[in-house]
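Shown next, in structure tokens, is the structure this report addresses.
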Amino acid sequence: MPYPDQHISIMAGCNTGDGMNMGLEAGGVTGGENVANGVWSVVSTMKKQDGSTAIYAHLIDMSKPGCIAVDRSGKRFGNEASNVFVEYMHKAGAVPAHLVADAAFVKKYGFGLSLPGGGAIKKLVAAGYLIEAPTLAELAHNIGVDAAGLEATVAKMSSYAKTGIDPDFHKGDSALDRDLGDYRHAPNPCLGPIENGPFYAIRIFPGDGSTTVGLRIDGEARVLDAQGKAIPRLRAAGLDVHSIWRGKAPAHGCNVGPAMTLGYIAARGLAA
């Protein structure tokens with residue numbers, strides 16, 4: 001994984017690949033090389049009072065109109081609605097980065113652990129998860145980014161919201177982007193202004209929702225050995241199987257379909 005020291009998985013800590021390891025012990029082998037070894041997910045974290053860490057996967061809020069991600073210079077570096085935004089973080093070296101939005105956005109759409117309605121804003125600010133400031137310049141100071149850069153970026157993004165066109169990173173151009181935008185918002189369901197304070201920021205990290213490396217199988221979900229022969233009575237599916245996408249996710253939820261299908265195929269074969 002790129003940036004392993006700051007990479008955060010949303011998987012449970014007890015998920016250590018037991019199923020895949022049992023398959024390897026039985027003679028199975030892993031698949032070939034991948035484009036990426038993780039199913040990428042932008043994440044944020046918060047230390048809870050009991051000492052544990054809350055981890056949030058930003059799967060919905062970043063596509064909504066009025067949310068931007070900025071690097072240390074206060075500039076955007078990618079399409080926030082992209083399902084592979086982590087790749088932008090890796091390429092730009094923006095690890096960690098920050099999401100920025102205004103109060104209207106936070107209350108309407110939610111912002112990370114702050115759910116729509118804004119009921120927990122004060123508590124999340126006190127916990128240090130949400131960074132709050134009355135002006136963009138003060139917010140920039142609080143999160144350690146260039147104030148002039150952030151102000152210029154916000155002004156530019158607000159102008160894009162009026163035209164509905166993002167010439168820099170094309171946020172909202174594709175149907176995949178718009179799928180998680182706000183269809184009630186025009187002219188672009190993914191582009192909105194950032195206008196009135198207070199303003200908020202969340203520190204984000206590259207993360208994953210699973211690995212993509214797994215056992216090599218055939219079309220009947222049978223686990224294959226090093227010679228490519230099926231191991232008798234051993235089938236696999238889901239995250240124990242090598243990704244058919246090889247780490248290049250085509251859309252949201254793209255690992256659910258193969259898991260369901262291969263699970264059905266494996267069960268049918270076992271029943272027979």
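FYI, side chains are in, hydrogens and waters are out, and symmetry mates aren't considered; it's all heavy atoms of this structure.
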Of all heavy-atom pairs between [X] and [Y], which one has the smallest distance, and what is that distance?
{"X": "Asn21", "Y": "Thr16", "answer": "ND2-O, 3.6 Å"}
{"X": "Pro189", "Y": "Pro65", "answer": "O-CD, 3.1 Å"}
{"X": "Ala127", "Y": "Met46", "answer": "CB-SD, 3.7 Å"}
{"X": "Glu151", "Y": "Ala137", "answer": "OE2-CB, 3.7 Å"}
{"X": "Lys162", "Y": "Pro187", "answer": "O-CG, 3.7 Å"}
{"X": "Thr153", "Y": "Val70", "answer": "CG2-CG1, 4.3 Å"}

Side-chain heavy-atom pair [X], [Y] within 4.5 angstrom cut-off:
{"X": "Lys156", "Y": "Arg76", "value": "no"}
{"X": "Arg235", "Y": "Arg268", "value": "no"}
{"X": "Tyr160", "Y": "Asn188", "value": "no"}
{"X": "Arg246", "Y": "Thr212", "value": "no"}
{"X": "Lys64", "Y": "Phe111", "value": "no"}
{"X": "His98", "Y": "Ile204", "value": "no"}
{"X": "Val42", "Y": "Val86", "value": "yes"}
{"X": "Leu191", "Y": "Met157", "value": "yes"}

For atom [atom1] of [X], is the number of surrounding heavy atoms from other residues, nucleotides or ligands below 6.0 Å larger than 12?
{"X": "Arg178", "atom1": "CZ", "result": "yes"}
{"X": "Ile60", "atom1": "CD1", "result": "no"}
{"X": "His141", "atom1": "NE2", "result": "no"}

For [Y], is there any backbone N or O sitting under 3.5 Å from a side-chain donor or acceptor partner on [X]?
{"X": "His242", "Y": "Gly32", "answer": "yes"}
{"X": "Asp166", "Y": "Phe169", "answer": "yes"}
{"X": "Asp61", "Y": "Gly112", "answer": "yes"}
{"X": "Ser52", "Y": "Lys48", "answer": "no"}
{"X": "Glu138", "Y": "Ala133", "answer": "no"}

Let me confirm one number: the [atom1]-[atom2] distance from [X] to [Y], rounded to the nearest 0.5 Å.
{"X": "Tyr200", "Y": "Asp102", "atom1": "OH", "atom2": "CG", "value": "9.5 Å"}
{"X": "Cys190", "Y": "Tyr183", "atom1": "SG", "atom2": "OH", "value": "14.0 Å"}
{"X": "Met11", "Y": "Asp208", "atom1": "CE", "atom2": "CG", "value": "7.5 Å"}
{"X": "Ser9", "Y": "Ile55", "atom1": "OG", "atom2": "CD1", "value": "7.5 Å"}
{"X": "Leu24", "Y": "Leu215", "atom1": "CG", "atom2": "CG", "value": "5.5 Å"}
{"X": "Ile231", "Y": "Leu224", "atom1": "CD1", "atom2": "CG", "value": "7.5 Å"}

**Prompt:** With the threshold set at 4.0 Å, does a side-chain nitrogen-carboxylate oxygen contact exist between Lys229 and Asp225?
**Reply:**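 No, no charged N to carboxylate O under 4.0 Å.
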**Request:** Any chance you could lay out the side-chain contact (heavy atoms from CB on, under 4.5 Å) test for Asn255 and Trp245, step after step, and finish with the verdict?
**Result:** CA-CA 9 Å; Asn255 296 295; Trp245 312 120; 3.7 Å; yes
**Request:** Please state whether the rings of Phe77 and Phe85 are parallel, tilted or perpendicular, taking 30° and 60° as the class boundaries.
**Result:**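 The rings of Phe77 and Phe85 sit tilted, inter-plane angle from 30° to 60°.
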**Prompt:** Between His58 and Tyr56, how do the two ring planes meet: parallel, tilted or perpendicular, split at 30° and 60°?
**Reply:**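 Aromatic pair His58/Tyr56 classed perpendicular.
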Hydrophobic cluster membership, with links at side-chain heavy-atom distances under 4.5 Å among I/L/V/M/F/W/Y: are [X] and [Y] in one?
{"X": "Leu139", "Y": "Ile68", "value": "yes"}
{"X": "Leu124", "Y": "Tyr109", "value": "yes"}
{"X": "Ile202", "Y": "Tyr88", "value": "yes"}
{"X": "Leu59", "Y": "Ile8", "value": "no"}
{"X": "Leu239", "Y": "Val241", "value": "no"}

**Request:** Verify side-chain contact (heavy atoms from CB on, under 4.5 Å) between Phe105 and Glu195, making sure each step is shown before the conclusion.
**Result:** CA-CA 10 Å; Phe105 178 95; Glu195 297 177 308; over 6 Å; no
**Request:** Output, in order, the C-alpha distance, side-chain angles, deciding distance and verdict of side-chain contact (heavy atoms from CB on, under 4.5 Å) for Trp40 and His90.
**Result:** CA-CA 11 Å; Trp40 303 133; His90 290 160; 3.9 Å; yes
**Request:** Answer with yes or no whether the side chains of His170 and Asp173 bring together a donor and an acceptor at under 3.5 Å.
**Result:**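 There is such a pair between these side chains.
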